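Okay, structure first, notes after.
Everything numeric in this text was worked out from a predicted model, so none of it was measured. We're numbering straight along the sequence, starting at 1. Each ligand, and each atom within it, is numbered from 1 in the order the structure gives.
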Amino acid sequence: MCPVSIERNAPLHALNTFGIAARAARLVRISSEADVRAALAVPDIRYAPKFVLGGGSNLVLTGQVLPTVFKVEIAGMRVLGTEGDATLVEAGAGVRWHDFVHWTLQQCLPGLENMALIPGTVGAAPVQNIGAYGMEAAERLHSLDAIDLRSGKLFTLTAAGCAFGYRDSIFKRSGGMGLAGRALITRVRFALPRRWRPRLGYLDLEKRMEATGCRSPSAQQIFDWVVDIRRNKLPDPAQLGNAGSFFKNPSVSAEQCRDIIAREPQLVHYPMPGGSYKLAAGWLIDACGWRGKRIGRAGVYERQALVLVNLGGASGGEVMTLAKAIQTSVYERFGIRLEPEPVVL
Ligand code: EPU
């Protein structure tokens with residue numbers, strides 16, 4: 001077995017999209033399943049807490065990271081063949097999600113284009129069930145391989161086994177059947193429909209169809225639109241540190257939704273199956289006057305109030321102070337508790 005290389009006091013500044021300057025007590029780079037086993041063979045690592053790091057795009061670091069960081073760099077993309085109405089493709093967990101989406105289109109395998117340009121890695125996609133522009137990773141996920149960080153054993157989960165929810169999965173839950181901190185995803189397989197149909201209906205895409213007069217866009221056209229919409233609306237982490245949407249869009253009952261609308265007729269709300277409503281957290285924050293505001297070196301992005309940004313040198317503590325002030329305002333005005341989307345470490 002290859003000896004594992006442990007980086008001590010490793011800087012994480014370039015490994016989290018918020019650009020927060022924190023350090024990991026120990027960091028191990030994982031390029032293969034064998035690397036995980038080699039790391040677990042080190043007693044100091046095997047029996048101590050671990051943290052699996054993908055693209056670091058959904059993370060707020062509030063201090064030195066004490067768990068051993070497993071930085072996943074497993075590469076590779078391949079077409080596996082057909083299964084029923086779908087073509088199966090597989091990617092290593094360390095592949096950049098956007099590169100993977102781009103590659104599937106190059107293989108003439110559409111089906112992921114609505115999720116273009118989402119930051120992060122393929123391995124992180126199932127963890128928080130990434131989604132955008134009317135599609136979630138869960139809808140296309142076929143199965144994945146992961147290593148149990150206690151036993152070192154490889155196991156496979158189907159989409160059903162991942163117990164997906166809105167920005168949620170078994171990998172985010174702890175206790176009971178939850179796998180938070182217990183599994184390292186190595187490879188993910190997606191089932192792409194052989195009879196592809198465009199997924200439209202999201203307001204921003206409808207607007208593009210109107211503006212261009214293009215009523216039946218190709219997958220490449222949707223990909224290009226999504227890339228353009230995201231570039232206009234969301235800050236590029238290379239320029240302005242951020243972790244995408246900072247809060248989840250909250251769900252409320254029909255009654256609660258009616259009550260709020262009676263006071264706030266402009267409320268942006270979407271009916272959900274089962275009778276509840278999802279509210280646009282960005283709108284709630286914007287309505288409280290936070291867009292473009294700052295506390296210390298952390299700010300609220302001026303074009304999308306759901307995105308908190310690092311204005312330069314912000315600590316994780318400053319980001320969380322801003323997040324808490326926003327939560328308080330939204331609670332006082334709307335009676336809604338916003339839940340952060342990123343992992344706070
Ligand atoms: N809005 C405002 N002011 C704002 C921001 C938004 O009024 O400052 C309103 C918009 O006008 C719109 C509504 O809120 O009516 C929703 O905004 P948008 O369409 O931008 O989507 P979102 O709900 O804010 C979600 C996802 C994004 C995803 C987009 C597009 C969550 C938490 N966020 O944002 O995902 O890209 O939809 O599908 O579900 C992410 O998770 O990191 C992420 C970026």
Review point. Taking side chain as C-beta onward, heavy atoms only, is L279 less than 4.5 Å from V268?
Key: no

Exercise for review: Answer yes or no: does atom CG of N232 have more than 12 heavy-atom neighbours from other residues, nucleotides or ligands under 6.0 Å?
Suggested key: yes

Revision key, fill the gap. If you scan protein heavy atoms around atom 15 (O) of ligand 1, the nearest is V268 CG1, 3.7 Å

Review point. Between K278 and Y166, is NZ or CZ placed under 6.0 angstrom from the six-membered ring centre and within 45° of the ring axis?
Key: yes

Exercise for review: Please indicate whether any nitrogen or oxygen in R303 is less than 3.5 Å from any nitrogen or oxygen in ligand 1.
Suggested key: no

Point to revise | Atom indices of ligand 1, in the order listed, that fall short of 4.0 Å to a heavy atom of R167 | key: 26 (C), 27 (C), 31 (C), 33 (N), 35 (O), 39 (O), 40 (C), 41 (O)

Revision key, fill the gap. In this structure, atom 28 (C) of ligand 1 is nearest to the protein heavy atom A132 CB, 4.0 Å

Practice item. Could you name the option among G131, A305, S245, P342 that has the heavy atom nearest to atom 43 (C) of ligand 1? Key: S245

Review point. So between F247, W283, Y166, Y270, whose heavy atom ends up nearest atom 31 (C) of ligand 1?
Key: Y166

Study note, to complete from the structure: A student checking ligand 1 against E341 at a 4.0 Å heavy-atom cut-off should list atoms 32 (C), 40 (C), 41 (O), 42 (O)

Exercise for review: Would you confirm whether any non-hydrogen atom of the protein falls under 4.0 Å from atom 41 (O) of ligand 1?
Suggested key: yes

Check your understanding: Can you find a side-chain donor-acceptor pair between D145 and T186 that sits under 3.5 Å?
Key -> no

Exercise for review: Would you name the heavy atoms of N9 and Q64 that are closest together and state the gap between them?
Suggested key: OD1-NE2, 4.1 Å

Practice item. Ignoring hydrogens, tell whether any protein atom lies closer than 4.0 Å to atom 2 (C) of ligand 1; use the non-hydrogen atoms only. Key: yes

Practice item. Check ligand 1 against Y202 and write out every atom of the ligand that is under 4.0 Å from a heavy-atom position of the residue. Key: 18 (P), 19 (O), 21 (O), 29 (C), 30 (C), 37 (O), 38 (O)

**Study point:** Close-contact set for ligand 1 against R291 heavy atoms, below 4.0 Å
**Key:** 8 (O)

Check your understanding: Considering only heavy atoms of R230, which atoms of ligand 1 have at least one such atom less than 4.0 Å away?
Key -> 36 (O), 44 (C)

Exercise for review: Output all residues satisfying side chain to side chain donor-acceptor pair (under 3.5 Å) with D286, sequence neighbours left out; order by chain, then residue number.
Suggested key: R291

Exercise for review: Examine ligand 1 and decide if any of its atoms is less than 4.0 Å from a heavy atom belonging to Q128.
Suggested key: no

Review point. Should you measure from each heavy atom of N249, which atoms of ligand 1 turn up under 4.0 Å away?
Key: 23 (O), 31 (C), 32 (C), 39 (O)

Check your understanding: When you measure from atom 14 (O) of ligand 1 to every protein heavy atom, which one gives the shortest distance, and what is it?
Key -> A280 CB, 3.3 Å

Check your understanding: Can you tell me if K50 uses its side chain to pair, donor with acceptor, with the backbone of R46 under 3.5 Å?
Key -> yes

Exercise for review: Please identify which atoms of ligand 1 are closer than 4.0 Å to at least one heavy atom of G244.
Suggested key: 42 (O)

Practice item. Measure the distance from atom 38 (O) of ligand 1 to every protein heavy atom, then report the residue, atom name and distance (to 0.1 Å) of the closest one. Key: Y133 N, 2.7 Å

Point to revise | Test item: side-chain donor near acceptor, R189 and S143, under 3.5 Å | key: yes

Check your understanding: Which of the atoms in ligand 1, numbered in the order shown and given with their element, are less than 4.0 Å from a heavy-atom of L306?
Key -> 24 (O), 32 (C)

Check your understanding: Are any of the side-chain nitrogens in R78 or E90 under 4.0 Å away from the carboxylate oxygens of its partner?
Key -> yes

Practice item. Check whether NZ of the Lys or CZ of the Arg R337 lies under 6.0 Å from the centre of the six-membered ring of Y331 and within 45 degrees of that ring's axis. Key: yes

Review point. Will you find, in the side chains of W225 and Q220, an N or O donor that is under 3.5 Å from an N or O acceptor?
Key: no

Exercise for review: Give the residue, atom name and distance (to 0.1 Å) of the protein heavy atom nearest atom 17 (O) of ligand 1.
Suggested key: Q304 NE2, 4.2 Å

Check your understanding: Would you say R187's side chain and G92's backbone share a donor-acceptor pair under 3.5 angstrom?
Key -> no

